[in-house]
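In this chain, numbering begins with 1 at the start of the sequence shown. All ligand and atom numbering here is 1-based and tracks the order in the structure. In this text the structure is predicted, and so the values were computed from the model without any measurement.
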Amino acid sequence: MKRIVGKKEILMVLAMALTGSMNAELNDNLFPLINNVPGRSTLSLNGQWDYIIDRYGTGYYDYRLKPSSNGFFRDQQARSESDLVEYNFEQSPDMFIPHDWNTWDDELKYYEGIVWFRKVFDPDRKEDKRYFLYFGAVNYNALVYLNGTYLGSHKGGFTPFNFEITNRINDGNNTLIVMVDNTRDKDEVPTVNTDWWNYGGITRDVMIIEEPETFIIDYSIRLSGDTYKEISGWIQMDGSNLQIPVTVEIPDLKAEVTVVPDESGRAAFAMKAKPVLWSPENPVLYRVVISTPGSTVDDLIAFRHVEAVGNKIHLNGKPVYLRGICIHEEAPFRQGRLSTPEEARTLLQWAREMNCNFVRLAHYPHNEHMVREAEKMGIMVWSEIPVYWTISFDNPETLGNAKNQLEEMITRDRNRGAVIIWSLANETPVSDARNQFLTSLVHYARELDDTRLISMAMEKQYRDRFTPVIRDPLMDVVDVVSFNSYIGWYDGLPEKCARMNWDLNTGKPAIMSEFGGGALQGLHGSSSQRWTEEFQEELYRQHVAMFEKMDLAGTTPWILMDFMSPRRLLPGIQDGVNRKGLISNNGIRKKAFYIMQDWYKTK
Ligand code: GCU
């Protein structure tokens, strides 16, 4: 049967229409990512946006599936009783952005497709300023229009992007329209199969950033290696007058240095300083002010040093055991995508209550609120791009997409001292194409940031019935060997743990990055009855006993809280929810929570 026009063809038509060339990529017209948006002069566009559900792409294509010049991005209204306009944002429903559409509108719970969003705003424009439109994240493809004309596009559901709009905004009201498409595709990142909900929409903050003509667009600032007596980094300027003096000041350290950028606008700096080092026990943050005669950026920086030493992870020169927990970006109590600092703090406080000093933010870069709140609370962070399961490892465009998401993740959080591990994949099946793909990502991650540890979750194998080993070609290129293992859930029953004789002599730190099992909170029975809290509790009891015989650098049980997944269909037990949480999605601790809480007290 002739294949109907598929997503790839539609996107290619879309790309061609947008730019007139067949090989145009989405990620079009992006401005280099502006770092530390919370520390800048911004106007929030959060709040009520109009939205139109567009199941057939009517807002973009004509009936011959050609891009229409009269799409919804024109925001037309009938001017007379005879006018023909078949949509109306004014009369369409509202959504409070940031928010996923699935848990906003019952009609959209399982929806995968196009939704159009509209926001009218007045940026209070000033002649001598530049203006940028910033999205914390949009899942998955975003086409952005301003005042009826195309601005640019972005793909990837969990990283920020921005456009310059200085010459595109009017005095007074401006109309911003975004076409969002969360349709999955095998060549995307992630691919079509994930064990999490495909929450679509404008899921993170939207801001207008106001800057002077020449401004500080990006910077890196950190402890210089393990000297503990020097702080160094670089500043990147943007604008027409790049070689103006830039001052970096840390008032509480009475440290200050002024440098002049080169002709590319880049300036390196170093300053003698002995900061109190950030740690879970003492999460001290220093105010850093970076300024030029016309612009200033404020940040709060955690100065610390992390490294792998043999099979241990060292923080500030001392071995630290990563008492971790995995977390999905799912809002507590209400489900849906987490979107506020308060919701981030709730999840992190639950982790803290379990005596955690580390969170594995799975399986994609989380909201910037989550990373900054973890930093304030003294919780170390594993941050990951969604190269998950069966990615199209032989597709160069897929690799380009993964690299772009990696670069956006590292650019946004480069100065977040709490982040100690960049993770580049999760449970990817070994093949030559996969090994080349991931090795290329490892090299790119190190090129972007050589100060953090690189890891990824691999899978265990068995040398013999009770000797699990990790044998993955990527072990040679990562700094930390992490692996997921579900003994007692997918692999035998909990008592199997007692017979395990792990061979972990990798010469590198090893983290068990996932283990666990499901329980419906409130379901009680014998410890051999699957889905009871007692079964889950016994599984965790068996695991902590097993850990006492292993030489791990850290553990991150799967997972802090139950989360929505279309894969989890057992009626009366799962009902679209993955129940491996140690806490239910309405915040009730299950019995296994206390097994981890007690064991972590001993680490
Ligand atoms: C996998 C995977 C998780 C998934 C979990 C599970 O290891 O990494 O994303 O949710 O196991 O099966 O619940």
(message) Checking R463 now: which residues fulfil side-chain contact (heavy atoms from CB on, under 4.5 Å) with it, not counting sequence neighbours?
(response)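 R463 satisfies side-chain contact (heavy atoms from CB on, under 4.5 Å) with T467, V469, R471, D503 once adjacent residues are dropped.
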Side chain proximity check, [X] to [Y], heavy atoms < 4.5 angstrom:
X    : Y    : value
Y199 : N182 : no
K155 : Y140 : yes
P571 : I573 : no
F593 : E537 : no
Q436 : F393 : no

Table of N or O contacts for ligand 1, cutoff 3.5 Å:
{"residue": "ligand 1", "atom": "7 (O)", "partner": "E427", "partner atom": "OE1", "Å": "3.2"}
{"residue": "ligand 1", "atom": "7 (O)", "partner": "E427", "partner atom": "OE2", "Å": "2.3"}
{"residue": "ligand 1", "atom": "7 (O)", "partner": "E514", "partner atom": "OE1", "Å": "2.7"}
{"residue": "ligand 1", "atom": "8 (O)", "partner": "N426", "partner atom": "ND2", "Å": "2.8"}
{"residue": "ligand 1", "atom": "8 (O)", "partner": "E514", "partner atom": "OE1", "Å": "3.0"}
{"residue": "ligand 1", "atom": "8 (O)", "partner": "E514", "partner atom": "OE2", "Å": "2.8"}
{"residue": "ligand 1", "atom": "9 (O)", "partner": "H363", "partner atom": "NE2", "Å": "2.7"}
{"residue": "ligand 1", "atom": "9 (O)", "partner": "Y388", "partner atom": "OH", "Å": "2.8"}
{"residue": "ligand 1", "atom": "10 (O)", "partner": "D195", "partner atom": "OD2", "Å": "2.6"}
{"residue": "ligand 1", "atom": "10 (O)", "partner": "W558", "partner atom": "NE1", "Å": "3.2"}
{"residue": "ligand 1", "atom": "11 (O)", "partner": "Y486", "partner atom": "OH", "Å": "3.4"}
{"residue": "ligand 1", "atom": "11 (O)", "partner": "E514", "partner atom": "OE1", "Å": "3.4"}
{"residue": "ligand 1", "atom": "12 (O)", "partner": "Y490", "partner atom": "OH", "Å": "2.5"}
{"residue": "ligand 1", "atom": "12 (O)", "partner": "R568", "partner atom": "NH2", "Å": "3.0"}
{"residue": "ligand 1", "atom": "12 (O)", "partner": "K580", "partner atom": "NZ", "Å": "3.4"}
{"residue": "ligand 1", "atom": "13 (O)", "partner": "D195", "partner atom": "OD2", "Å": "3.4"}
{"residue": "ligand 1", "atom": "13 (O)", "partner": "W558", "partner atom": "NE1", "Å": "3.4"}
{"residue": "ligand 1", "atom": "13 (O)", "partner": "N578", "partner atom": "ND2", "Å": "2.9"}
{"residue": "ligand 1", "atom": "13 (O)", "partner": "K580", "partner atom": "NZ", "Å": "2.7"}

